[in-house]
Amino acid sequence: MSTIQEKINDTIVDVVDFPKKGIIYKDITPLFLNPELSEEIVNEFVEKAKGKIDIVCGIESRGFLYGIQIAQKLNVPFVLVRKAGKLPPPTINQSYDLEYGQATIEVNPNYIQKDARVLIHDDILATGGTAEACAKLIEKCGGKVSQFSFIMDLTFLNGKDKLIKHTKDIVSLVEF
C-alpha cells in the first residue's frame with residue numbers, strides 16, 4: 001500500500017522548461033483528476049488541523065481548491081485571500097516582493113475575528129513571500145496564524161524561513 005506522499009509524487013508531473021528555460025515545473029493539476037486521492041489529501045490536512053483552527057484562509061487561486069474542502073470538513077469558515085482589486089470593499093492589503101517586482105494581496109478584515117486561530121492554505125510553498133504576506137494580513141486583522149498547509153514544499157527555496165516567525169506548525173505533504 002502506497003503512502004499519501006508516494007501517491008502524490010506518482011501523480012505530480014514534471015514539466016521541463018516551464019515557465020521558462022531551466023525550470024522544472026511541478027504540475028499538481030493531475031491530482032484533481034483523482035477524486036479518491038484528492039479526498040485523502042483533504043483528510044490528511046484535516047487531521048493535522050483538528051482542534052487548532054477557527055478559520056481557513058485560502059490564497060488565490062489554487063489555495064481555494066482544497067482550502068474550502070478543509071474548512072467544510074473542520075466546520076469552520078473559509079476566507080478568500082485574493083490579488084488586489086478582486087474583492088469588494090472593505091479590504092486591507094499587503095504587498096510583497098517577487099523575483100521581478102511586487103504583488104499585493106487583500107482580505108476583508110471583517111471576516112477575521114480577533115484572536116481567531118487561522119490556517120493559511122496554499123498549493124505550493126516556494127520562497128514563502130505570498131504565504132508570509134497572508135500571515136501579515138491575518139495579524140493586521142487581529143487573528144493568529146496557527147498553521148500553514150501546502151501540498152508541496154520546494155525546500156531548496158527556503159520558504160519556511162519566512163513563515164517560522166508566525167508559527168512553527170507548517171504542514172507539507174511532499175517535499176522536493
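Remember, predicted model here, so these are calculated numbers, not experimental data.
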Taking the side chain as every heavy atom from C-beta outward, state whether [X] and [Y] have any atom pair closer than 4.5 Å.
{"X": "Glu139", "Y": "Lys144", "value": "no"}
{"X": "Ile24", "Y": "Val15", "value": "no"}
{"X": "Val81", "Y": "Cys134", "value": "yes"}
{"X": "Val118", "Y": "Ile53", "value": "no"}
{"X": "Leu173", "Y": "Ile41", "value": "yes"}
{"X": "Ile124", "Y": "Leu154", "value": "yes"}
{"X": "Asn93", "Y": "Thr104", "value": "yes"}
{"X": "Leu125", "Y": "Met152", "value": "no"}

Side chain to side chain contact (heavy atoms under 4.5 Å, CB included) between Tyr96 and Ile105, worked out: CA-CA 8 Å; Tyr96 59 101; Ile105 56 173; 3.9 Å; yes

Kindly give the heavy-atom pair with the smallest separation between [X] and [Y], and that separation in Å.
{"X": "Val56", "Y": "Gly67", "value": "CG1-O, 3.7 Å"}
{"X": "Lys162", "Y": "Thr127", "value": "CD-O, 3.3 Å"}
{"X": "Val107", "Y": "Leu80", "value": "CG2-O, 3.7 Å"}
{"X": "Phe148", "Y": "Leu119", "value": "C-CD1, 3.9 Å"}
{"X": "Pro90", "Y": "Pro109", "value": "O-CD, 3.6 Å"}
{"X": "Val145", "Y": "Thr167", "value": "O-CB, 3.6 Å"}

Quick one: pull up [atom1] in [X] and [atom2] in [Y] and give me the separation to the nearest 0.5 Å.
{"X": "Leu163", "Y": "Asp169", "atom1": "CG", "atom2": "CG", "answer": "11.5 Å"}
{"X": "His166", "Y": "Ile138", "atom1": "NE2", "atom2": "CD1", "answer": "11.0 Å"}
{"X": "Ile28", "Y": "Ile8", "atom1": "CD1", "atom2": "CD1", "answer": "9.5 Å"}
{"X": "Ile12", "Y": "Asp27", "atom1": "CD1", "atom2": "CG", "answer": "8.5 Å"}
{"X": "Asp123", "Y": "Ser149", "atom1": "CG", "atom2": "OG", "answer": "10.5 Å"}

Keeping [X] on the side-chain end and [Y] on the backbone end, is there a donor-acceptor pair under 3.5 Å?
{"X": "Asn34", "Y": "Leu37", "result": "yes"}
{"X": "Glu106", "Y": "Thr91", "result": "no"}
{"X": "Ser172", "Y": "Glu175", "result": "no"}
{"X": "Gln69", "Y": "Leu65", "result": "yes"}
{"X": "Thr155", "Y": "Phe176", "result": "yes"}
{"X": "Ser146", "Y": "Lys52", "result": "yes"}
{"X": "Asp97", "Y": "Gln102", "result": "no"}
{"X": "Asp54", "Y": "Arg117", "result": "yes"}

Is [X] atom [atom1] crowded by more than 12 heavy atoms from other residues, nucleotides or ligands, each under 6.0 Å away?
{"X": "Lys86", "atom1": "NZ", "value": "no"}
{"X": "Lys73", "atom1": "NZ", "value": "yes"}
{"X": "Tyr111", "atom1": "OH", "value": "no"}

Ile120 vs Ile59, side chain to side chain contact (heavy atoms under 4.5 Å, CB included): CA-CA, chis, key distance, verdict: CA-CA 7 Å; Ile120 296 173; Ile59 299 175; 3.7 Å; yes

Centroid-centroid distance, Tyr66 to Phe150, less than 6.0 Å: no

Are [X] and [Y] grouped together when hydrophobic residues (ILVMFWY) are joined by side-chain heavy atoms under 4.5 angstrom apart?
{"X": "Ile4", "Y": "Ile170", "answer": "no"}
{"X": "Leu87", "Y": "Ile112", "answer": "no"}
{"X": "Leu137", "Y": "Phe64", "answer": "no"}
{"X": "Ile151", "Y": "Val13", "answer": "no"}

Full working for side chain to side chain contact (heavy atoms under 4.5 Å, CB included) between Ile164 and Lys160: CA-CA 6 Å; Ile164 203 84; Lys160 281 186 182 177; 5.7 Å; no

Between Gln147 and Lys48: side-chain donor-acceptor atoms closer than 3.5 Å: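 Gln147 vs Lys48: no donor-acceptor pair found between side chains.
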
Parallel, tilted or perpendicular: rings of Phe18 and Tyr25 (30°, 60°): perpendicular

Parallel, tilted or perpendicular, as decided by the 30° and 60° cut-offs, for the rings of Phe45 and His121: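 Aromatic pair His121/Phe45 classed perpendicular.
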
For Gln113, all residues meeting side-chain hydrogen bond (donor to acceptor under 3.5 Å, both in side chains), sequence neighbours excluded: none

Partner of Lys7 under salt bridge (charged side-chain N to carboxylate O under 4.0 Å, His left out), chosen from Glu39, Glu36, Glu40: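 Of Glu39, Glu36, Glu40, salt bridge (charged side-chain N to carboxylate O under 4.0 Å, His left out) with Lys7 is met by Glu40 alone.
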
Presence of salt bridge, Lys165 and Glu132, under 4.0 angstrom: yes

Ion pair check, Asp122 and Arg62, cut-off under 4.0 Å: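 No, no charged N to carboxylate O under 4.0 Å.
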
